[in-house]
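Report on the structure given below.
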Amino acid sequence: MSDGFFRSRWVDAPRGVEELEPAQLAPGFRAGGAHVGLKNGGATDVGLLVCDAERIDSALVLTRNASAAAPIRVCRDVVDQANVRAAVVNSGNANAETGEKGFADALAMSERAADALGLEVAQVAVAETGVIGVPMPMGSVLQGIEAAAENLAPDHADVFAEAITTTDRWRKLVTLTAGGVTLSAQAKGAGMIQPNMATMLCFVQTDAVVKDPAAALRRAVEPSFNRITVDGQMSTNDTVLLQATGASGRPLPEGLLEAVLLQMAIEIVRDGEGTARAGRIDVTGAADRGEAERVARAIANSPLVKTALYGRDPNWGRIAQAAGAALVGADMDEIGADSIDADELGAETPEANIALRLHRGDARAHVYFADLGHEYVTLNAEYTT
């Protein structure tokens, strides 16, 4: 694994990529943050991101969880997703399961940010992450938005990245240049991770020309954030925002957005609550794509497989059991050791490949997943206490 941003063996970095100072946002963007007490220890927990360029093209991808949080509903019902100039974010409180009061609070955050930045409310996306079911302390949050607006700067991507973290062990951010364009991105995520998408937030800024941001973002999310799981739990708050100014006059290099989002997705898996190792399960020979997907996710979410990954135990029988459970009712032979490659489960590597061949057709699917260790139980058993 390399020491740079593209450090996973599973990510092919596009040619000609040069990494820049990660705190520096792409040209035309500024960010800021403030601490209002949503997180302990004085950490930044309210963030603002704004585009100052003459034009903007944008897109949002949001969770499909039926119990979507208030900020998701604001983004769906109020925000012009193709013309997002700014985002206001908080961590420490998800503002989920908070009813109409929660919706009003999320909208108030958008309104306060719009007022501070001289924008329309429809131009300001809202994202929140943290504990579910707790009312927002709106007085301090609104003051924090104003404070964040006062310290906006083009080199505050690190401040913004800190503002969006919860149980993350490290900040996830990158700025790079390739093909005459600059792209910066910040993400968070560690627990409650399962597509679609995961308990994760991701913000991407670029000066590239992106003619169809919605299509570009969907293409990049599918092989990245929709391919990961930490604990099989779908979030109420997932949000990915892409903003492109077109100021460089150049298109995004082929594969650049996909590579950045895949590395970010793997960073989230590697940072899973208590995670020591990440795995990739490849299922081939399935009858159809749906079957391959079902089997891959059953293996990736199996506590027995995940604990084997944690303990470096190459126990291929656990993979066979999980696959068989996903194929209940299918007419097939038993899944033997000759169909499973689990050797890397026992390897001293931070990333482990696992493969399963079903001999039922030509379809395939893969999922990136986290191990399951003692720290995950400790952290989640005491999350609010």
Side-chain angles (χ1 to χ4, degrees), residues 5-6 11 13-14 17 19-31 47-53 55-63 75 79 81-89 123-127 129 154 156-161 163-165 171-179 181-189 197-198 200-226 228 238-248 250-268:
F5 173 71
F6 294 110
V11 181
V17 171
E19 293 188 31
L20 306 178
E21 170 55 47
Q24 186 69 44
L25 291 151
F29 293 89
R30 292 180 296 152
L48 269 182
L49 173 69
V50 62
C51 175
D52 299 316
R55 58 166 294 176
I56 192 72
D57 293 303
S58 65
L60 281 164
V61 174
L62 305 167
T63 184
C75 285
V79 173
Q81 298 188 18
N83 186 33
V84 176
R85 282 207 158 264
V88 57
V89 190
Q123 295 177 301
V124 182
V126 188
T129 182
H156 277 183
D158 53 344
V159 175
F160 184 76
I164 68 178
T165 61
R171 294 176 300 186
K172 304 167 182 69
L173 69 162
V174 67
T175 302
L176 46 80
T177 182
V181 308
T182 304
L183 182 147
S184 52
Q186 309 81 38
K188 68 82 56 179
M197 290 169 281
M200 45 76 50
L201 306 177
C202 183
F203 303 87
V204 183
Q205 311 84 37
T206 182
D207 61 0
V209 175
V210 183
K211 293 184 178 180
D212 189 344
L217 189 57
R218 286 195 299 270
R219 283 195 304 269
V221 163
E222 178 53 35
S224 57
F225 295 127
N226 278 343
I228 61 174
D238 306 328
T239 302
V240 183
L241 170 63
L242 170 64
Q243 295 171 289
T245 68
S248 70
R250 296 172 177 266
L252 278 174
E254 183 177 357
L256 178 63
L257 181 61
E258 290 82 356
V260 168
L261 294 198
L262 178 55
Q263 183 63 55
M264 283 293 193
I266 293 170
E267 289 293 301
I268 288 172

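FYI, side chains are in, hydrogens and waters are out, and symmetry mates aren't considered; it's all heavy atoms of this structure.
No side-chain heavy atom of L25 sits less than 4.5 Å from a side-chain heavy atom of T175. Side-chain contact between P223 and L262 is absent, with no heavy atoms from C-beta onward closer than 4.5 Å. Side-chain contact check for V240 versus M200: some heavy-atom pair is nearer than 4.5 Å.
By the side-chain contact (heavy atoms from CB on, under 4.5 Å) test, E258 pairs with R219, A220, sequence neighbours left out. Legend: residues meeting salt bridge (Lys or Arg N to Asp or Glu O under 4.0 Å) with R171, ordered by chain and number and at least two apart, are absent. Remark: T165 engages K39 in a side-chain hydrogen bond (donor to acceptor under 3.5 Å, both in side chains) (not counting sequence neighbours). Listed by chain and residue number, A178, V181, L256 satisfy the side-chain contact (heavy atoms from CB on, under 4.5 Å) test with P253 (two or more places apart in sequence, or in another chain). A13 pairs by the side-chain contact (heavy atoms from CB on, under 4.5 Å) definition with F6, not counting sequence neighbours. For V159, the side-chain contact (heavy atoms from CB on, under 4.5 Å) partners two or more places apart in sequence, or in a different chain, are T44, H156. Considering only residues two or more places apart in sequence or on other chains, E222 meets the salt bridge (Lys or Arg N to Asp or Glu O under 4.0 Å) condition with R227. Residues meeting the salt bridge (Lys or Arg N to Asp or Glu O under 4.0 Å) test with D57, sequence neighbours left out: R55.
A distance of 8.5 Å separates CG in L242 from CG in L261, rounded to the nearest 0.5 Å. The line from CD of Q263 to CD1 of I268 is 11.0 Å long, rounded to the nearest 0.5 Å. In this structure, the separation between CD on Q24 and CG on L173 is 11.5 Å, given to the nearest 0.5 Å. Atom CD1 of residue I228 and atom CD1 of residue I266 lie 9.0 Å apart, to the nearest 0.5 angstrom.
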Problem set entry | Intermediate values then yes/no, side chain to side chain contact (heavy atoms under 4.5 Å, CB included), L176 and L20 | CA-CA 5 Å; L176 46 80; L20 306 178; 5.6 Å; no
For this session: Any chance you could lay out the side chain to side chain contact (heavy atoms under 4.5 Å, CB included) test for N83 and I56, step after step, and finish with the verdict?
Result: CA-CA 6 Å; N83 186 33; I56 192 72; 3.2 Å; yes
Exercise. Where do V89 and L49 land on the side chain to side chain contact (heavy atoms under 4.5 Å, CB included) test, with the steps shown first?
Worked result: CA-CA 8 Å; V89 190; L49 173 69; over 6 Å; no
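Side chain of Q243 to main chain of V84: a donor-acceptor pair is present (N/O by atom type, distance under 3.5 Å, no hydrogens or angles). T239 places no side-chain N or O within donor-acceptor distance of the main-chain N or O of L62, the cut-off being under 3.5 Å. Within the 3.5 Å criterion, the main-chain N or O of F5 finds a donor-acceptor partner in the side chain of E19.
Closest approach of F29 to C51, counting heavy atoms only: CE2-CB, 3.5 Å. The shortest heavy-atom contact between A187 and M264 is CB-SD, 3.8 Å.
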Using a 3.5 Å cut-off and no angle test, enumerate the donor-acceptor pairs between side-chain atoms of residues 202-217 and protein atoms at least two apart in sequence or in another chain.
{"unit_1": "Q205", "atom_1": "OE1", "unit_2": "S184", "atom_2": "OG", "d": "2.6"}
{"unit_1": "Q205", "atom_1": "OE1", "unit_2": "Q186", "atom_2": "NE2", "d": "3.0"}
{"unit_1": "Q205", "atom_1": "NE2", "unit_2": "Q186", "atom_2": "OE1", "d": "2.9"}
{"unit_1": "Q205", "atom_1": "NE2", "unit_2": "F203", "atom_2": "O", "d": "3.4"}
{"unit_1": "T206", "atom_1": "OG1", "unit_2": "T182", "atom_2": "O", "d": "2.8"}
{"unit_1": "T206", "atom_1": "OG1", "unit_2": "A208", "atom_2": "N", "d": "3.1"}
{"unit_1": "D207", "atom_1": "OD1", "unit_2": "T182", "atom_2": "N", "d": "2.8"}
{"unit_1": "D212", "atom_1": "OD1", "unit_2": "A215", "atom_2": "N", "d": "3.2"}

